[in-house]
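Only one structure is covered here, and it is reproduced in the block below.
In this text, all values refer to a predicted model and were calculated from it rather than measured experimentally.
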Amino acid sequence: MRFPHGRLRRSAVLVAVMAAAAATTGLVPGTADAAVSCGVTYATSQWGEDGGGFTASVDVANTGDHIAGWTLTFTFPGSQRLTYGWSAQWAQTGRLVAASVPAGSISPGASAAVGFAGTWRGSNPPPTDFAVNGVPCVVGPPPSAAPTPVPSPSPSATPSVVVSPADIVVPEGGSALIHVRLSQKPSYGWVTVDSERLLGDPDLSIGPRLLFPADQWNTWQSLTVFAAEDDDTTDGTATFLSRISQLPGSGVALWTARELDNDVATPSPAPSPS
């Protein structure tokens, strides 16, 4: 499986990510700065039984002084593995995960959101040791020092991916179509939709990316799903994710494909008459 930019790096990359954050902020992860005060809200959406995939959003709220350049760190308590992330430079080594935003800043009372996709096995408990620039954060919605006015929400110009059907059957050795469009008109000229298999039968694969001009956002486009010939007699399944490449963490769509096997099980020979 090919991963786009921002996906899981090797352990050396984790060191580089944290070193870059230290150079930007003047901090070494694991050391405290009294000016940093933060709260973290962590939310996931997962699928699978006894193992599967999940997406997670992490909202980092600044309850202290201005933060210029920051790195969020936490530890997976289970067998979770980072697949790729967005809105930060993500890396994992062992169970330690780091998301670095060396050029970003968070004003006092403001927040920043990052997210990632991953896999889990057995269970998917949430991390509890979130820290920003080495300073532990309060987990859960942090209390506000003073009430702040909430602006009226403005209409979102961020489209999401819509797929139909959400479950598709593909004959072994053949192909089938799944249809893709956007939920609303984007605020920029065009949108690229990439799709990939997250987990499941590797015999199920998909065609190339789709390109949506802004004025054709609601026109259905077809994505071809292929099922390769194999020797087993099992109907394989796979879970796929379709996402906007320019906005990898926004409006992803999950869908499944099932291979309709064409192999016939060989019957056991009849016992010889005694």
Side-chain angles (χ1 to χ4, degrees), residues 1 3-9 14 17 38-63 70-101 104 106 110-132 136-143 156 158-163 166-167 183 193-200 237-257:
M1 183 184 298
F3 296 138
H5 67 279
R7 293 202 175 187
L8 175 62
R9 319 275 172 73
L14 179 63
V17 166
C38 52
V40 165
T41 302
Y42 179 83
T44 62
S45 176
Q46 71 178 50
W47 56 94
E49 296 181 4
D50 300 323
F54 71 104
T55 57
S57 61
V58 188
D59 188 79
V60 180
N62 181 7
T63 57
W70 53 280
T71 294
L72 171 74
T73 58
F74 58 89
T75 305
F76 279 140
S79 60
Q80 300 100 324
R81 297 296 301 174
L82 173 70
T83 304
Y84 68 90
W86 50 88
S87 302
Q89 300 172 16
W90 289 86
Q92 178 179 356
T93 182
R95 293 185 176 183
L96 177 64
V97 179
S100 180
V101 189
I106 312 177
S111 62
V114 295
F116 65 92
T119 60
W120 62 278
R121 187 174 304 230
S123 63
N124 187 21
T128 59
D129 61 344
F130 294 95
V132 169
C137 299
V138 175
V139 179
S156 173
T158 302
S160 58
V161 179
V162 180
V163 299
D167 299 282
S183 62
V193 174
D194 287 317
S195 300
E196 61 181 306
R197 184 181 62 251
L198 288 180
L199 69 160
T237 61
T239 300
F240 291 84
L241 179 144
S242 296
R243 60 184 176 83
I244 297 172
S245 61
Q246 294 95 332
L247 301 167
S250 301
V252 299
L254 296 173
W255 49 278
T256 59

Task: Whether F116 and F54 hold their rings parallel, tilted or perpendicular, with breakpoints at 30° and 60° - done: perpendicular
Task: Heavy-atom pair with the smallest gap, counting every atom of V101 and S87 - done: CG2-O, 3.7 Å
- [ ] State whether the side chain of T41 and the backbone N or O of D59 hold a donor-acceptor pair below 3.5 Å, judged by distance alone.
- [x] no
- [ ] Kindly compute the distance separating CZ (R81) from CZ (R121), expressed to the nearest 0.5 Å.
- [x] 11.5 Å
- [ ] Rounded to the nearest 0.5 Å, what's the gap from CG on L82 to OG1 on T93? Could you check?
- [x] 11.5 Å
Open item on the list: With a 3.5 Å distance limit and no angle check, can you tell me whether R95 reaches the backbone of P77 through a side-chain donor-acceptor pair?
Closed with: yes
- [ ] Working to the nearest 0.5 Å, report the span between CH2 of W70 and SG of C38.
- [x] 10.0 Å
Open item on the list: On a heavy-atom basis, which atom in W86 and which in A117 lie closest, and how many Å separate them?
Closed with: CZ3-N, 3.9 Å
Task: Counterpart residues, side chain to side chain donor-acceptor pair (under 3.5 Å), relative to T128 (two or more places apart) - done: none
Task: Least distance between heavy atoms, L199 atom then G52 atom - done: CD1-CA, 3.7 Å
TODO: Of all the heavy-atom pairs spanning F130 and V58, show the shortest one and how long it is.
DONE: CE2-CG1, 4.2 Å
Open item on the list: Below 30° counts as parallel, above 60° as perpendicular, anything between as tilted: where do the rings of F76 and F74 land?
Closed with: perpendicular
Open item on the list: Donor-acceptor pair, distance only, cut-off 3.5 Å: does the side chain of T44 make one with the backbone of T55?
Closed with: no
Open item on the list: Is it the case that the side chain of Q92 and the backbone of G94 share a donor-acceptor pair, with hydrogens and angles ignored and the cut-off at 3.5 Å?
Closed with: yes
Task: Closest non-hydrogen atom pair between Q46 and W120, with its separation - done: NE2-CZ2, 3.6 Å
Open item on the list: So does T75 get a backbone contact from the side chain of D129, meaning a donor-acceptor N/O pair under 3.5 Å?
Closed with: yes
Open item on the list: Return the OG1 to CG distance between T239 and L198, rounded to the nearest 0.5 Å.
Closed with: 7.0 Å
TODO: Work out which heavy atom in A253 is nearest to a heavy atom in V161; give both atom names and the distance.
DONE: CB-O, 3.6 Å
- [ ] Mind checking the OH-CG spacing from Y84 to L241? Nearest 0.5 Å is all I need.
- [x] 4.0 Å
TODO: To the nearest 0.5 Å, tell me how far S45 OG sits from L254 CG.
DONE: 7.0 Å
